[in-house]
Amino acid sequence: MSVVTRFAPSPTGMLHIGGVRTALYSWLYARRHGGRFILRVEDTDLERSTPEAVQVILEGMAWLGLDHDDGPYYQTKRFDRYKEVIAGLLAQGQAYHCYCSKEELDAMRAAQMARKEKPRYDGRCRHRTVAPPAGVQPVVRFRNPLDGEVVVEDRVHGAVRFANAELDDLIIARSDGSPTYNFCVVVDDMDMGVTHVIRGDDHLNNTPRQINMLRALGATPPVYAHASMILGPDGTKLSKRHGAVSVLAYEEQGYLPDALLNYLVRLGWSHGDQEVFTRAEMIEHFDIDRIGKSASAFNPEKLLWLNQQHMMRADVRDLATRLQVYLKRIGVDAPNDARLSAVVEAQRERSKTLVEMAKNSRFFFRENVEMDPAAAAKHLTPEARAMLQEFSASLNDLTDWTRAQIHDALTAFATVRGLGLGKVAQPLRVAVSGSTVSPPIDQTLELLGRDATLARIAAVTA
RNA sequence: GCUCCCUUCGUCUAGAGGCCCAGGACAUGGCCCUCUCAAGGCCAGUACACGGGUUCGAAUCCCGUAGGGAGCGCCA
């Protein structure tokens, strides 16, 4: 049987990392087994769904490279189908009209709570003998089995049993006729041939109801896998303060999609001691049976570390193309050429994000350096300036402007002067980059080029 | 309140009865390397929630307790 998975976000808020992780798991599972991955937008809540949120979901998935084979489907475009299924259920007596008012239901729930019972619909409209009240548009409820139990054979939690007596007759169509979430999910998963449902464990309690409806419709329930929740760094529920922002915020902050995916796949899943995974390795090794049961806290430091690891291993040309965009955002126009790639190679192991890399690389491309006053005060003393002026003559005499020649000239100069390398390198670094931090000085000068180097030394020694 | 789920270092996790007085990774501290910052290498500290069983032997199995979470909507 070929695998079909799906990601079914509702466009009522942001696509955040919790959603991304279940999307990732579903995508990986489909890719691993050569199956299909469906994207389905669950927008039945007309009140809260927005086109902007749909757009964010689509852009986020595209940025992450979680491509779908089917869809995006929109539940709002399938209302005719849902109505058809509801009519069938009604005809077979598996669903019924309920005329209870909201006030009546509220009173019922309040009474149950007072008796320390679980609030649930008591089924009073199941066998309505009196005529329905005039002018009331009824809702449609699913007739849930009264006894027995439903066993959810969950791939991460094992067999989870629910007594049917705990489940009530849920509403599948509102009084305006629109279908509700739990029902749409069931019809869609059935119609779309979904074989594996991987989602957050906040849905575990919905699963027995869905299974009952699937059975009533004569369908075979899919395999379920409920992954745990992602918590904020402080162990409490994820909020906007930590990670519950759009995934696109991670793009803005300079993360690589593969790094974010790598971080997320390891949150609640493992493959031995391996920490760093390429996209191909994730696909090769991902398995539902290795998903953990307990919730995990989001750790920004580890994400940062992984991002750097991925930058250190990424394809240089690809990184250069990305860096160009980030440079542009801070007002630097850099051609995507061999030199930009060389800058990437020099900076990748000393940057945690592309934003940081762009910031630390702008001095390579700007006309004038932005001098850090503290660095200048400390390293560009009158003696240092005099020394740099002398050293610039050596640089001017180099036959080839290569890292090796620059390095030799620097050590020769330092040796003759009886100075440590750092005594020459630091003032030089400040003069050409404006700060005390840069790639190795010989590499920095090579990348900068002879003209710019000499001009910048001249600018501080004049 | 009721139902369901979860519980190994600060954090992510390894561990499927003896290989574990618990391994790896992030973070932290120290050392090495070193022209800066990094990267890299080495070292250190810190965990089986608690209590009972079962067993020759339990982080691993069973039962309780505690703590945390989810669901209980004409929301998804």
Side-chain angles (χ1 to χ4, degrees), chain A residues 8-13 42-45 47-49 75 98 100 102 105-106 109 112-121 137-141 152 154 157 160-163 165-168 170-176 178 180-182 184-185 200-208 226 228-229 231 233 235-237 263 266-276 292-306 308-309 312 347-352 360 375 379 407 410-411 414 420-430 433 435-442 444:
Chain A
S10 67
T12 53
E42 311 217 317
D43 53 355
T44 54
D45 184 349
E47 307 277 303
R48 297 194 300 150
S49 297
Q75 292 186 324
C98 168
C100 297
K102 286 182 185 173
L105 296 175
D106 286 345
R109 274 190 279 269
Q112 287 164 332
M113 291 287 261
R115 272 178 273 138
K116 296 185 193 289
E117 285 172 14
K118 179 180 187 168
R120 41 141 105 73
Y121 183 64
Q137 287 300 313
V139 299
V140 179
R141 287 185 185 271
V152 179
D154 191 273
H157 292 281
V160 183
R161 329 181 85 90
F162 295 85
E166 290 294 333
L167 277 20
D168 63 0
L170 74 158
I171 291 171
I172 59 178
R174 304 180 179 94
S175 45
D176 66 2
S178 63
T180 59
Y181 165 79
N182 273 108
C184 296
V185 167
D201 66 9
D202 47 340
H203 288 290
L204 187 52
N205 288 298
N206 287 330
T207 310
H226 288 93
S228 59
M229 304 273 84
L231 275 20
T236 63
K237 194 173 175 179
Y263 177 71
R266 280 283 290 101
L267 217 49
W269 176 84
S270 64
H271 178 68
D273 286 337
Q274 188 170 349
E275 297 286 352
V276 182
K293 298 177 179 182
S294 52
S296 28
F298 180 75
N299 184 332
E301 271 93 32
K302 192 155 183 177
L303 206 211
L304 233 23
W305 174 77
L306 265 176
Q308 180 167 36
Q309 293 295 316
M312 282 162 53
Q347 298 282 218
R348 68 203 309 195
E349 70 183 30
R350 63 197 92 241
S351 312
K352 296 209 182 290
N360 293 338
H379 295 284
H407 187 262
L410 188 68
T411 38
L421 216 48
K423 290 285 186 227
V424 185
Q426 270 314 78
L428 192 50
R429 171 171 283 117
V430 172
S433 77
S435 90
T436 56
V437 176
S438 87
I441 194 65
D442 47 2
T444 299

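Residue numbers begin at 1 in each chain, while the letters A, B, ... track the order of the sequences. Predicted, not measured: the structure shown is a model, and the values here were computed from it.
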- Report the residue (F162(A) or K352(A)) whose heavy-atom-nearest nucleotide on RNA chain B is the more 5′ of the two. F162(A)

- Message: Taking atom types as they are modelled, would you say the side chain of E275(A) forms a donor-acceptor pair with the base of rG24(B) within the 3.5 Å cutoff?
- Response: yes

- Considering only atom P, compute the distance from rU46(B) to rG10(B) and round it to an integer number of Å. 11 Å

- Message: Would you measure the distance from the P atom in rC31(B) across to the matching atom in rU7(B) and give it in whole Å?
- Response: 40 Å

- Query: Reckon L267(A) touches a base, only the sugar-phosphate, or nothing at all at heavy-atom distances under 4.0 Å?
  - Reply: sugar-phosphate

- For the pair made of CG in D168(A) and P in rG73(B), what is the distance, rounded to whole Å? 7 Å

- Message: Students often get this wrong, so: under 4.0 angstrom with heavy atoms, is G268(A) touching a base, only sugar-phosphate, or nothing?
- Response: sugar-phosphate

- Message: Just to be sure I understand the rule, does R161(A) reach a base, reach only the sugar-phosphate, or reach nothing, if contact means heavy atoms closer than 4.0 Å?
- Response: sugar-phosphate

- Just compare rC74(B), rG1(B), rC35(B) and give me whichever is closest to any side-chain atom of M113(A). rG1(B)

- For V424(A) and A414(A) the tightest heavy-atom approach is CG2-CB, 4.1 Å

- Message: At 4.0 Å (heavy atoms only), tell me whether Y263(A) reaches a base, stays on the sugar-phosphate, or touches nothing.
- Response: nothing

- Report the nucleotide, chosen from rA39(B), rC12(B), rC35(B), that has the shortest atom-to-atom distance to any side-chain atom of A425(A). rC35(B)

- Note on the structure: Checking rA39(B), rU13(B), rU7(B) against the side chain of S294(A) (C-beta onward), the nearest is rU7(B)

- Message: Between Q309(A) and rG40(B), is there a contact of a side-chain N or O with OP1 or OP2 at under 4.0 Å?
- Response: yes

- In whole angstrom, what separates L204(A)'s CG from rC5(B)'s P? 7 Å

- Task: Remember a base hit wins even if backbone is also touched, and classify D176(A) as base, sugar-phosphate or nothing at under 4.0 Å, heavy atoms.
- Result: nothing

- Phosphate OP1/OP2 of rA76(B): any S49(A) side-chain N/O under 4.0 Å: no

- Describe the nucleic acid contact of V160(A) in one word from base, sugar-phosphate, nothing, applying a heavy-atom distance below 4.0 Å. sugar-phosphate

- Atom-to-atom span, CZ of R350(A) to P of rU34(B) - whole angstrom: 16 Å

- Establish whether the base of rA14(B) is bridged to the side chain of D273(A) by a donor-acceptor pair shorter than 3.5 Å. no

- Query: rA76(B) pairs with which nucleotide, Watson-Crick or G-U wobble, both distances below 3.5 Å?
  - Reply: none

- Query: Quantified in whole Å, what is the C1' atom distance between nucleotide rU54(B) and nucleotide rC21(B)?
  - Reply: 23 Å

- Query: For Q308(A), which contact category applies under a 4.0 Å heavy-atom criterion: base, sugar-phosphate, or nothing?
  - Reply: sugar-phosphate

- Message: In the structure I gave you, are the side-chain heavy atoms of L421(A) and L410(A) within less than 4.5 Å of one another anywhere?
- Response: yes

- Task: Mind checking S175(A) for me? I need base, sugar-phosphate or nothing, with any heavy atom below 4.0 Å counting as a touch.
- Result: base

- Task: Could you tell me whether S351(A) contacts a base, only the sugar-phosphate backbone, or nothing, with contacts defined as non-hydrogen atoms closer than 4.0 Å?
- Result: nothing

- Item | Nearest-angstrom distance from the residue atom CH2 of W269(A) to P of rG24(B) | 20 Å

- If you check the D442(A) side chain, which of rU11(B), rC35(B), rU36(B) turns out closest? rC35(B)

- Re rU36(B): Watson-Crick or G-U wobble partner, both distances kept under 3.5 Å, found to be none

- Partner nucleotide of rC56(B) by Watson-Crick or wobble geometry (both distances under 3.5 Å): rG18(B)

- Message: What's M312(A) touching, base or sugar-phosphate or nothing? Going by heavy atoms closer than 4.0 Å.
- Response: sugar-phosphate

- Task: For the side chain of D45(A), starting at C-beta, report the closest nucleotide among rA76(B), rU36(B), rC12(B).
- Result: rA76(B)

- Query: Looking at the side chain of S270(A), which of rC2(B), rA39(B), rA14(B) is the nearest nucleotide?
  - Reply: rA14(B)

- Item | Atom-to-atom span, CG of D154(A) to P of rA70(B) - whole angstrom | 18 Å

- Item | pair N299(A)-Y263(A): side-chain heavy atoms closer than 4.5 Å | yes

- Minimum heavy-atom distance between Q308(A) and E349(A), given as atom pair plus value: NE2-O, 2.9 Å

- Can you find a heavy atom in the side chain of S294(A) that is under 4.5 Å from one in the side chain of S228(A)? no

- Note on the structure: Any strand, both distances under 3.5 Å, Watson-Crick or G-U wobble: rC42(B) pairs with rG30(B)

- Distance between P atoms of rC62(B) and rC74(B) (Å, rounded): 38 Å

- Message: Hydrogens and angles aside, do S178(A) and D176(A) bring a side-chain donor and acceptor to less than 3.5 Å of each other?
- Response: yes

- Any N or O donor-acceptor pair linking the side chain of R120(A) to the base of rC72(B) at under 3.5 Å? no

- Query: Taking the side chain as C-beta and beyond, is there a heavy-atom pair between N360(A) and V437(A) under 4.5 Å?
  - Reply: no

- Query: Rounded to the nearest Å, what distance is computed from the CD atom of residue Q274(A) to the C1' atom of nucleotide rG23(B)?
  - Reply: 16 Å

- Message: Using Watson-Crick or G-U wobble geometry with both distances under 3.5 Å, which nucleotide pairs with rU7(B)?
- Response: rA66(B)

- Under 4.0 Å between any heavy atoms, over every strand shown, what does N182(A) touch: base, sugar-phosphate, or nothing? Just pick one. base

- So which nucleotide does rG71(B) pair with, by the Watson-Crick or G-U wobble rule with both distances under 3.5 Å? rC2(B)

- Task: Please evaluate the base of rA76(B) for a donor-acceptor partner in the side chain of N206(A) within a cut-off of under 3.5 Å?
- Result: yes

- Is there a side-chain contact between F162(A) and T207(A) (heavy atoms, below 4.5 Å)? no

- Take the protein atom CD1 of I171(A) and the nucleotide atom C1' of rC72(B), then report the distance between them rounded to whole Å. 13 Å

- Query: Picking from rC2(B), rC4(B), rC5(B), which would you name as closest to the side chain of E166(A)?
  - Reply: rC2(B)

- Query: Which atoms form the tightest heavy-atom contact between S175(A) and V139(A), and what is the distance?
  - Reply: N-CG1, 3.6 Å

- Message: In whole Å, I'd like the distance from the CD atom of Q426(A) to the C1' atom of rC35(B).
- Response: 6 Å

- Query: Do any side-chain nitrogens or oxygens of S296(A) fall under 4.0 Å of OP1 or OP2 in rC12(B)?
  - Reply: no

- Item | Nearest-Å distance once atom C1' is located in both rU55(B) and rA49(B) | 23 Å

- Base, sugar-phosphate alone, or nothing: which one does H226(A) contact when heavy atoms must sit under 4.0 Å apart? nothing

- Go through the N and O atoms of the side chain of S228(A) and the base of rC6(B), and report whether any donor-acceptor pair is under 3.5 Å. no

- Using atom P of each nucleotide, how far apart are rC61(B) and rG17(B) to the nearest Å? 9 Å

- Between P439(A) and T12(A), just flag the one whose closest nucleotide in RNA chain B comes earlier from the 5' side. P439(A)

- Task: Respond yes when some side-chain nitrogen or oxygen of K102(A) is under 4.0 Å from OP1 or OP2 of rC74(B), and no when none is.
- Result: no

- Among rU3(B), rU36(B), rU11(B), find the nucleotide with the atom closest to the side chain of N205(A). rU3(B)

- Message: A side-chain contact here means heavy atoms from C-beta on lying under 4.5 Å apart; do H157(A) and D201(A) qualify?
- Response: yes

